[in-house]
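Step one of this worksheet: look at the structure below.
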Amino acid sequence: MTNQTLLRGFLLLRLTDSRELLGLQAALFSLVYLVATLENLAIILLTVLYRHLHTPMYFFLRHLSCLDLCLISTTVPKSIINSITFSDSISFLGCVCQLFLVVLLAGSEVGILTAMSYDRYVAICHPLHYEAVMSKACCVQLVTVSWLSGGAVGILYSAGTFSLEFCGSNRIHQFFCDVPSLLQLTCFEEHAAINVSVTLGVLYAFSCLVCIVVSYVFIFSTVLKIPSRQSQSKAFSTCMPHLLVVVTFLLTGAVAYLKPASNAPPLLDLLCSVFYSVVPPVLNPIIYCLRNRDVQSALSKVLRSARSGLTER
């Protein structure tokens, strides 16, 4: 059977045919996207403008917020536009780009989270050598490796997926293009090309997970040896936001990609994909700001300055 999908593109998931409900979905996604955009832009600007936030931890946090902002911008705006225009379509090239960017950004985020765990390990286990080890050059190298690794995984996944032949239905049971949903549209059950890509991607993610776990084993063993309860609490408070972000991102990603792809209802597919691609960009800034006094202090200064500026007018 010929590959007709190449000519006509794909159709994304539509939960309902009711224009009112689609309008409600567009409004909800717009609100979530606006909140995530404002949160991540705030962290990016704060970590750039305030000198006391020019440390390795906030350097990585800035890149994490940039990745989160790009990740949610890759999927949600297209869904909003489709809901408003009562359309389901996405071009073949658009689907290729969307899949590549989602995997690139997710892969890079795993790398950044690994770098952040290493930063916390050095800060707590080797505080006297922190400035020497976590130099600016080292931080730039870690971020560069994270982006390049994500890009490599993105190329492997998109090339492996779209090297397959599609036939039959062109409707993707997802609100954006992702690998599990696209594989259901292929002509064959065996996917040797994508299996190689998935194996390499899993090895990359697993190696990052091992590094994170080892870092926290050393961190917790060091913190528990500290005699002062107050010092222990302070050390844990610097690690818990990162640990929560790691658990949230990896858990939602695992649910999205390891769930059975056969006969799951569209609503369950949508919830899994939302938890993977939408929830982390919204939650990450909240997690980091709730218990972070430095970020709260910088944000309060901005709000006071804005309030005083409005008062003077």
Side-chain angles (χ1 to χ4, degrees), residues 35-71 108-109 111-147 212 215-216 218-220 222-223 226 228-249 280-312:
V35 170
T37 301
L38 292 175
E39 288 176 343
N40 287 287
L41 280 178
I43 287 184
I44 292 171
L45 292 175
L46 289 175
T47 55
V48 168
L49 296 177
Y50 285 87
R51 188 174 296 276
H52 69 281
L53 298 181
H54 290 179
T55 62
M57 183 175 73
Y58 295 109
F59 176 76
F60 295 130
L61 179 58
R62 179 162 67 247
H63 281 269
L64 181 67
S65 293
C66 180
L67 287 167
D68 283 336
L69 181 57
C70 293
L71 179 60
S108 300
E109 186 154 338
I112 292 293
L113 291 173
T114 307
M116 294 175 78
S117 69
Y118 178 69
D119 171 71
R120 292 299 83 204
Y121 160 74
V122 177
I124 293 175
C125 299
H126 305 283
L128 299 179
H129 301 95
Y130 181 73
E131 292 187 4
V133 175
M134 299 304 298
S135 62
K136 185 176 181 180
C138 177
C139 294
V140 171
Q141 289 172 3
L142 289 173
V143 167
T144 302
V145 170
S146 299
W147 281 91
I212 292 172
S215 296
Y216 273 99
F218 282 107
I219 287 171
F220 289 148
T222 301
V223 171
I226 300 175
S228 170
R229 290 254 180 199
Q230 186 176 1
S231 299
Q232 283 185 358
S233 176
K234 184 177 180 181
F236 277 126
S237 68
T238 64
C239 297
M240 291 312 296
H242 174 259
L243 196 57
L244 284 173
V245 169
V246 169
V247 171
T248 301
F249 185 74
V282 176
L283 283 186
N284 288 355
I286 297 175
I287 291 172
Y288 274 104
C289 291
L290 279 179
R291 294 176 60 89
N292 193 303
R293 294 181 180 178
D294 293 332
V295 175
Q296 290 176 355
S297 174
L299 185 59
S300 63
K301 288 180 181 179
V302 171
L303 295 177
R304 282 198 300 268
S305 299
R307 191 182 304 163
S308 61
L310 291 173
T311 305
E312 290 177 0

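Note that these values count all heavy atoms, side chains included, but never hydrogens, waters or copies made by symmetry.
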Task: Ring centre gap for Phe59 and His63 strictly below 6.0 Å - done: yes
For the residue pair [X] and [Y], establish whether any side-chain heavy-atom pair is separated by less than 4.5 Å.
X: Cys66; Y: Ile44; result: yes
X: Met57; Y: Leu61; result: no
X: Ile219; Y: Cys239; result: yes

Task: Within residues 125-146 or reaching into it, pairs that qualify as ring-ring contact (aromatic ring centres under 6.0 Å, His included) - sequence neighbours excluded - done: Tyr121-His126
Which pairs of donor and acceptor atoms, one on a side chain in residues 131-142, lie under 3.5 Å apart (sequence neighbours left out)?
unit_1 : atom_1 : unit_2 : atom_2 : d
Ser135 : OG     : Cys138 : N      : 3.3

- [ ] For Phe220, look at atom CZ and say whether over 12 heavy atoms of other residues, nucleotides or ligands are found less than 6.0 Å away.
- [x] yes
For the atom pair [atom1] ([X]) and [atom2] ([Y]), what is the distance rounded to the nearest 0.5 Å?
X: Thr47; Y: Tyr58; atom1: OG1; atom2: OH; answer: 10.0 Å
X: His52; Y: Leu46; atom1: NE2; atom2: CG; answer: 8.5 Å
X: Leu283; Y: Tyr288; atom1: CG; atom2: OH; answer: 12.5 Å
X: Asp68; Y: Asn284; atom1: CG; atom2: CG; answer: 4.5 Å
X: Leu113; Y: Leu243; atom1: CG; atom2: CG; answer: 10.5 Å

Open item on the list: If the condition is side chain to side chain donor-acceptor pair (under 3.5 Å), which residues does Tyr216 pass it with, not counting sequence neighbours?
Closed with: His242
Task: side chain to side chain donor-acceptor pair (under 3.5 Å) involving Tyr118 - partner list, sequence neighbours excluded - done: none
Which residues pass the side chain to side chain contact (heavy atoms under 4.5 Å, CB included) test with [X], not counting sequence neighbours?
X: Leu38; result: Leu34
X: Ser108; result: Leu67, Leu104, Trp147
X: Thr37; result: Tyr33, Leu41, Leu69

Task: From Asn40, Ile43, Val48, Ile112, residue fulfilling side-chain contact (heavy atoms from CB on, under 4.5 Å) relative to Arg62 - done: Val48
Task: Minimum heavy-atom distance between Val282 and Glu39, given as atom pair plus value - done: O-OE1, 2.7 Å
Task: For the student: nearest non-hydrogen atoms of Pro285 and Pro280, plus distance - done: CD-O, 4.4 Å
